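Contents: one structure, followed by commentary.
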There are 4 protein chains.
Amino acid sequence: MPKNTEATPKNQQGAPESALTPRARRTRKALLEAAQKVFERDGFHNARITDIADTAGVAHGTFYTYFGSKETIFLALVDGFLSELLFPSSPNSEKIKIDSFERLKKSNRDYLEIYRDYGRIIAIWEELAKYNKEAAEKLKQGEDAFILRARRKIEQLQRDGLADPDIDARYAARALTGMVHKFADTWFSKKEDFEFEQAVEQLSLLWANALRMKRT
Amino acid sequence: MPKNTEATPKNQQGAPESALTPRARRTRKALLEAAQKVFERDGFHNARITDIADTAGVAHGTFYTYFGSKETIFLALVDGFLSELLFPSSPNSEKIKIDSFERLKKSNRDYLEIYRDYGRIIAIWEELAKYNKEAAEKLKQGEDAFILRARRKIEQLQRDGLADPDIDARYAARALTGMVHKFADTWFSKKEDFEFEQAVEQLSLLWANALRMKRT
Amino acid sequence: MPKNTEATPKNQQGAPESALTPRARRTRKALLEAAQKVFERDGFHNARITDIADTAGVAHGTFYTYFGSKETIFLALVDGFLSELLFPSSPNSEKIKIDSFERLKKSNRDYLEIYRDYGRIIAIWEELAKYNKEAAEKLKQGEDAFILRARRKIEQLQRDGLADPDIDARYAARALTGMVHKFADTWFSKKEDFEFEQAVEQLSLLWANALRMKRT
Amino acid sequence: MPKNTEATPKNQQGAPESALTPRARRTRKALLEAAQKVFERDGFHNARITDIADTAGVAHGTFYTYFGSKETIFLALVDGFLSELLFPSSPNSEKIKIDSFERLKKSNRDYLEIYRDYGRIIAIWEELAKYNKEAAEKLKQGEDAFILRARRKIEQLQRDGLADPDIDARYAARALTGMVHKFADTWFSKKEDFEFEQAVEQLSLLWANALRMKRT
DNA sequence: AATGAATGAGCCTTCATTCAT
DNA sequence: AATGAATGAAGGCTCATTCAT
């Protein structure tokens with residue numbers, strides 16, 4: 001059970017950045033960067049607030065000026081990533097005409113790239129979500145949005161006669177996004193040796209086959 | 001938190017069961033059962049040795065007669081499950097002639113059943129593996145054995161002309177076992193609402209499709 | 001606001017003494033005695049749990065085996081005094097025939113003796129009662145019982161035609177017990193120089209006069 | 001807790017008001033008013049300087065421009081009340097011819113009125129006096145002056161043959177002023193239900209009786 | 001004068017682990 | 001073997017106070 005969730009410091013979520021003085025903004029940023037470093041190195045449970053403050057080069061009391069607890073700073077940290085995680089923006093992706101499979105590959109490539117960069121934080125997020133309701137909810141929101149997009153896409157393909165109608169889109173969306181997620185997790189967290197483009201190719205192939213997608 | 005390193009208690013692994021008196025065997029068993037209950041209820045980090053001892057109905061000190069730490073008792077606990085996890089034995093499964101797809105369904109059904117029963121412990125195992133080398137290795141061993149079986153099967157199907165030869169069996173084995181694993185994890189840990197037989201059917205369908213398996 | 005009232009250690013009030021092993025009973029007693037010493041020396045707010053543990057000759061962690069907080073140990077401490085405070089038992093006081101004024105003197109003498117011995121603790125109790133509901137209630141109970149006895153006595157005297165009927169017994173009981181209480185508090189806490197027997201005599205005289213008590 | 005000893009801020013007592021600019025005078029006044037509000041609400045120990053500054057609408061640091069500590073501002077606060085506490089000025093009270101008992105009632109009424117208005121602050125003053133020498137001295141000065149006036153009056157009545165010569169005026173002055181003080185404290189702090197004019201009447205009656213005062 | 005971010009002393013609390021009985 | 005009291009490392013949190021701007 002997290003011990004300090006109910007702490008009510010001045011600035012539990014961190015004030016909106018705009019309300020802070022430049023100096024405060026700098027300190028807050030230093031703490032967030034330090035937190036990322038420490039969390040990635042030590043995981044959530046072994047990360048100590050003192051270490052975060054030390055790494056940020058401030059006194060440990062300063063931590064509490066900005067964040068009420070480890071949970072709070074972690075959630076603030078992922079808030080900073082959230083839009084990037086949910087809507088990876090490859091430049092001018094919309095302009096190019098690409099067929100379904102290429103789109104799928106692009107989507108999987110984006111996902112793996114994100115996971116390569118943020119996988120450690122996501123893994124910690126999942127760890128924290130086991131103990132912290134707020135983290136769990138925020139994580140679920142992100143995942144659900146992601147899975148829903150996949151489900152809608154599958155349903156679209158089925159309507160267009162481009163995917164196996166025997167597939168239940170809800171199960172498939174959960175299963176196939178999970179496949180990519182789990183693959184990435186194993187790959188990056190446990191340093192299994194795969195090659196990037198081949199992973200993109202193979203995961204996309206499995207995904208397309210699984211739905212019996214027809215090339216367009 | 002003590003980092004489960006230098007601790008050198010009397011009996012780090014617990015004595016081999018055979019060497020124990022009946023009374024000691026009973027105490028050890030009570031501790032293991034209590035540990036399972038407490039771990040499932042509280043997760044690894046929030047489980048306290050005190051609670052395990054209390055639940056087992058023994059004094060705190062007694063814990064250390066059998067196990068050196070929370071890590072030790074957890075590993076002893078999963079040791080007891082290991083063969084069951086790796087080789088789910090459905091009665092007389094080998095006797096019946098079944099085609100590939102039915103075999104696949106049976107395999108997935110077994111897996112989901114195991115996960116339904118042991119999923120909470122497996123999730124904790126994965127949590128612990130992030131912090132504990134021994135847990136990580138033991139987990140990896142189990143997973144690797146499991147994935148290797150899948151890979152061999154895929155390679156067999158390819159050799160028999162019953163699966164898409166473009167698939168890389170190593171990637172596919174990792175991805176598809178991961179798909180089922182992650183699906184089960186989400187399902188049972190996060191109480192997502194799926195129906196058991198349909199999950200078996202859909203996961204098997206996705207798996208078979210992904211490999212372009214031909215029915216036999 | 002007291003910070004740790006909601007702490008729920010194994011033994012918030014201290015178990016009934018009978019349930020403790022002799023060693024535990026000794027430690028608990030040592031902590032209570034140390035607490036009394038430290039509270040009397042430093043007052044409630046400046047008393048530190050570490051000092052109590054040190055004074056008792058135990059590690060500070062041991063404190064928490066027996067008491068959950070400073071508040072808890074203080075309340076346990078006054079529990080030990082309570083019957084003594086409420087029912088001061090002078091030996092064979094009942095046997096001797098004494099008239100009303102002698103009884104009054106005896107009662108005031110008892111009170112001043114108690115205050116001489118426990119005044120510091122009572123003063124701390126009153127301090128704590130400002131911040132802690134449980135302390136306030138326990139204190140009020142004791143005071144109310146004491147004042148009620150005085151009131152009943154005054155009413156009895158009035159019924160017997162031995163005290164001024166214009167006096168309102170409720171106001172008078174509160175005022176006169178308060179007079180003795182406040183006198184004792186000033187005397188012992190602030191080291192004002194009064195002589196014991198003369199204080200007994202004068203307070204009793206003022207009390208008797210105030211009620212226009214007739215000697216019997 | 002820092003013991004308010006070695007602190008040497010710019011302005012330990014606050015500058016004499018006369019030396020301040022109008023703006024500074026306003027800020028100082030705002031802090032004193034905020035302090036009163038916060039002390040009355042939270043008591044001394046739970047009052048935080050941060051709250052006082054916030055309530056006054058100034059930055060935390062500004063507090064230290066005017067006062068060196070919580071103790072300092074509290075003492076400055078009661079300084080502002082002191083003359084009022086000691087010399088309650090009922091309008092044209094001196095002009096009217098009143099007999100001794102009426103004077104006594106008037107005096108007690110004044111006292112209870114003061115206590116009704118300032119009782120919370122006085123109670124806090126007494127709390128602080130347990131820990132702070134300066135507060136204790138200032139409080140003692142006020143009380144001694146008050147008690148001395150009562151003693152002189154009693155001695156006067158005795159010399160005039162209007163009060164019991166067996167009473168020791170020093171003891172009686174302490175006891176009877178204490179009676180009223182303690183009554184008021186209980187009444188207003190603990191919300192005991194008494195009626196104002198009856199309290200005046202009864203306390204005066206008890207006081208007069210106690211001294212066997214003769215009506216003039 | 002005022003600001004408010006930064007500081008760190010001071011104290012609290014938990015719980016894994018030891019050890020005398 | 002079992003007990004359970006004692007230990008103390010580890011880390012958390014608050015808030016009075018300072019100081020650069």
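Just so it is clear, the structure is predicted and the values come from calculations on it, not from any experiment. Lettering follows sequence order; numbering is per chain, from 1.
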- Across all chains, not counting sequence neighbours, the side chain to side chain contact (heavy atoms under 4.5 Å, CB included) partners of C/Ala56 are C/Ala30, C/Leu31, C/Ala34, C/Val58
- Nearest whole angstrom, please: distance from the C1' of E/dA16 to the CG of B/Leu31. 15 Å
- Picking from F/dT7, E/dC15, E/dA1, which would you name as closest to the side chain of C/Thr65? F/dT7
- Query: Counting only N and O atoms by type, is there a donor-acceptor contact under 3.5 Å from the side chain of D/Lys130 to the main-chain atoms of C/Gly43?
  - Reply: no
- Message: Both A/Thr27 and C/Phe63 contact DNA chain E. Taking the nearest nucleotide for each, which residue is further toward the 5' end?
- Response: A/Thr27
- Dot-bracket for DNA chain F, 5' to 3', with Watson-Crick and G-U pairs under 3.5 Å, [ ] for crossing pairs and | for other-strand pairs: what is it? .||||||||||||||||||||
- Query: Nearest-Å distance, CG (D/Asp42) to P (F/dT14)?
  - Reply: 16 Å
- Query: In a check of side chain to side chain contact (heavy atoms under 4.5 Å, CB included) between B/Val78 and each of B/Ile121, B/Ile124, B/Ile122, which one passes?
  - Reply: B/Ile121
- Provide, to the nearest angstrom, the distance between the CD1 atom belonging to D/Ile52 and the P atom belonging to F/dC15. 13 Å
- Closest to the B/Ile49 side chain: E/dT17, F/dA6, E/dG4? E/dT17
- Out of E/dA5, F/dA16, E/dG4, whichever nucleotide has its closest atom nearest the side chain of D/Arg48: F/dA16
- Task: Would you kindly give the CG-to-C1' distance between B/Asp54 and E/dC15, to the nearest whole Å?
- Result: 12 Å
- Message: In this structure, how many angstroms lie between the C1' atom of F/dA5 and the NZ atom of C/Lys29, rounded?
- Response: 18 Å
- Tell me yes or no: between the side chains of D/Thr62 and D/Thr65, is some donor less than 3.5 Å from an acceptor? no
- Item | Closest approach of D/Ile73 to D/Ala35 (non-hydrogen atoms, all atoms of both residues) | CD1-CB, 3.7 Å
- Item | Spacing between A/Asn46 atom CG and E/dA16 atom P, to the nearest angstrom | 14 Å
- Message: Using whole Å, what does the distance between atom P of nucleotide E/dC11 and atom NE2 of D/His45 come to?
- Response: 12 Å
- Query: Atom OH of D/Tyr64 and atom C1' of E/dT3: how far apart are they, to the nearest Å?
  - Reply: 14 Å
- Does a sphere of radius 6.0 Å around NZ in D/Lys29 hold more than 12 heavy atoms from other residues, nucleotides or ligands, not counting ones at 6.0 Å or beyond? no
- With respect to the phosphate group of F/dA5, does any side-chain polar atom (N or O) of C/Arg23 fall under 4.0 Å of OP1 or OP2? no
- Task: Tell me, yes or no, whether the heavy-atom count around D/Lys37 atom NZ, taken from other residues, nucleotides or ligands under 6.0 Å, exceeds 12.
- Result: no
- Task: Report the nucleotide, chosen from E/dC12, E/dA2, F/dT17, that has the shortest atom-to-atom distance to any side-chain atom of C/Thr50.
- Result: E/dC12
- Item | Position toward the 5' end of DNA chain F (nearest nucleotide), A/Ala47 or B/Ala59 | B/Ala59
- Can a donor-acceptor pair under 3.5 Å be found between the side-chain atoms of D/His60 and the base atoms of E/dA6? no
- Between D/Tyr131 and D/His45, is the ring centre distance below 6.0 Å? yes
- Query: Below 4.0 angstrom from OP1 or OP2 of E/dA1, is there any side-chain N or O of D/Thr62?
  - Reply: no
- Query: According to a strict under-4.0 Å criterion, is D/Thr21 in side-chain N/O contact with OP1 or OP2 of E/dA1?
  - Reply: yes
